[in-house]
Amino acid sequence: NDSGQLGDGTLQPHAIPSEVSGLSGVAQISAGEYHTCALLTNGTVRCWGDNASGQLGDGTIEQRKSPVSAVGVTSALALSAGAAHVCVIVAGGTLKCWGNNSVGQFGNGTTVDSPLPVATPAAAGATWISAGDVHTCAVVGGGVKCWGQNSFGALGDGTTTATILAQAIVREGHAPTAALPTVQADRRAPDPLALLKRHLAATKARVVIVAESPGRRETMQQYFAEYGVMPALVESFADILASSGRLLLTAAPLASGFDW
């Protein structure tokens, strides 16, 4: 909590959850490296913590120990924080980002940081957003566009070249022949993994699930086992290629990166 990222008005670390000051009606939350942002039910966004790159969106670079409002954001629908940048989708599908933009995390064709939200025209019509450490991806028109740092192939375009402009991840001549199936877990269903099991039974295609961390992978493995699903654990792309398993589980970043 040395940057105030817990939002409790102090810089003291806490081993148990502490209340964030002055927040109510929270619909979504996303944590960056040393800052945190919350999307409220009224469509506004409030952030706190480190602000060296303007990642709180309040027009300053001042560290905040309590939540402050992102300037001009009034109708946000989705929120995601990267290491030091934040992107939101507002009503109408406009994507706006702020904070660090040193490798094009905004996708607006520049590498200029901004302490205020700026639009990403190339991702207009976005319906979902996910920010990585120094890259960003959005669902646009049923496809995916990514931009920013690409050293490990995070943009999914078959290269390791960074891009500062939002672009589709499917290269020409490599478009999928059919829409990807819905296999997500439904925790309200008697068998939350029913869609995944049905997909595995109906096709010979393999499913690779990438957990956000090794700890999360272990949790997912235990969850799958509870419902009779036993994915093969893999550590690298070489393991994926060598495995005969239909369902594979790994953690990001893969041990050997994208060099395969």
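In this structure, CG on Leu200 lies 11.0 Å from CG on Leu195, to the nearest 0.5 angstrom. For the atom pair CD1 of Ile129 and OG of Ser30, the computed distance is 10.5 Å after rounding to the nearest 0.5 Å. Taking CD of Gln12 as the reference point, atom CG of Leu6 lies at 10.5 Å (rounded to 0.5 Å). Separating the CD1 atom in Ile164 from the CZ atom in Phe106 is a distance of 12.0 Å, to the nearest 0.5 Å. Here the NZ-CG distance, from Lys145 to Leu155, works out to 13.5 Å after rounding to the nearest 0.5 Å. From His199, atom NE2 reaches atom CG of Leu247 across 9.5 Å, with rounding to the nearest 0.5 Å.
Under the 3.5 Å distance criterion, the side-chain polar atoms of Trp147 are matched with a main-chain donor or acceptor of Gln105. Between the side chain of Arg246 and the main chain of Val207, no donor-acceptor pair closer than 3.5 Å is present. A donor-acceptor contact shorter than 3.5 Å is absent between the side chain of Ser18 and the backbone of His14. A donor-acceptor pair under 3.5 Å links the side-chain atoms of Gln55 to the main chain of Ser53, judged by distance alone.
In plain terms, the two heavy atoms of Leu233 and Arg217 that are nearest each other are CD2-CD, 4.3 Å. Nearest heavy atom pair, residue Gly9 against residue Ser66, reads CA-OG, 3.5 Å. Gly54 and Trp98 get closest at one heavy-atom pair: O-CD1, 3.4 Å. Considering all non-hydrogen atoms of both residues, Ile61 and Ala52 come closest at CG2-O, 3.8 Å. Nearest approach of Cys137 to Ala154, heavy atoms of both residues: SG-O, 4.5 Å. Residues Asn101 and Asp113 approach most closely at N-OD1, 2.7 Å, considering heavy atoms.
Contact of the Thr60 side chain with the Pro115 side chain is not registered, since no non-hydrogen atoms from C-beta on lie closer than 4.5 Å. Residues Asp2 and Leu11 fail the side-chain proximity criterion, which asks for heavy atoms closer than 4.5 Å. Contact check for Thr120 versus Lys96: no side-chain heavy atoms found under the 4.5 Å cut-off.
Pairs passing the salt bridge (charged side-chain N to carboxylate O under 4.0 Å, His left out) check and including a residue from residues 49-61, sequence neighbours excluded, read Asp58-Arg64. Pairs engaging residues 79-133 under the disulfide (SG to SG under 2.5 Å) rule: Cys87-Cys97 [sequence neighbours left out]. The stretch residues 209-230 participates, sequence neighbours left out, in these ring pair (Phe, Tyr, Trp, His ring centres under 6.0 Å) pairs: Tyr223-Tyr227.
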Show which side-chain atoms of residues 76-86 pair as donor or acceptor with protein atoms under 3.5 Å away, not counting sequence neighbours.
from, atom 1, to, atom 2, distance (Å)
Ser80, OG, Ala131, N, 2.8
His85, NE2, Thr136, OG1, 2.9

What pairs of donor and acceptor atoms, side-chain ones from residues 35-44 against any protein atom, are under 3.5 angstrom apart with sequence neighbours left out?
from, atom 1, to, atom 2, distance (Å)
Thr36, OG1, Gln5, O, 3.0
Thr41, OG1, Gly25, O, 3.3
Asn42, OD1, Thr44, N, 3.0
Asn42, OD1, Thr44, OG1, 2.7

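Shown here are the side-chain hydrogen bond (donor to acceptor under 3.5 Å, both in side chains) partners of Asn150, two or more places apart in sequence or in another chain: Asp157, Thr159. Judged as a side-chain hydrogen bond (donor to acceptor under 3.5 Å, both in side chains), and not counting sequence neighbours, the contacts of Ser102 are Asn100. Partners of Gln63 by side-chain hydrogen bond (donor to acceptor under 3.5 Å, both in side chains), not counting sequence neighbours: none found. Qualifying side-chain contact (heavy atoms from CB on, under 4.5 Å) partners for Thr74, counting only residues two or more places apart in sequence or in other chains: none. The side-chain contact (heavy atoms from CB on, under 4.5 Å) test applied to Leu248 returns Arg206, Val208, Ala232, Val234, Ile240, Ser243, not counting sequence neighbours. For Asp191, the side-chain hydrogen bond (donor to acceptor under 3.5 Å, both in side chains) partners at least two apart in sequence or on another chain are Lys197. With sequence neighbours left out, the side-chain contact (heavy atoms from CB on, under 4.5 Å) criterion links Pro67 to Val20, Ser21, Leu23, Arg46, Trp48.
Residue Met220 is grouped with residue Val229 when hydrophobic side chains (ILVMFWY) are merged at heavy-atom distances under 4.5 angstrom, including chains of intermediate members.
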**Message:** Is there a side-chain contact (heavy atoms from CB on, under 4.5 Å) between Asn51 and Tyr34? Walk through the geometry before answering.
**Reply:** CA-CA 9 Å; Asn51 197 25; Tyr34 298 111; over 6 Å; no
**Message:** Under the criterion side-chain contact (heavy atoms from CB on, under 4.5 Å), I'd like the reasoning laid out for Glu19 against Asp8: C-alpha separation, chi angles, the key distance, then a yes or no.
**Reply:** CA-CA 6 Å; Glu19 190 80 17; Asp8 64 352; over 6 Å; no
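Atom CD1 of Ile209 has more than 12 neighbouring heavy atoms from other residues, nucleotides or ligands inside a 6.0 Å radius.
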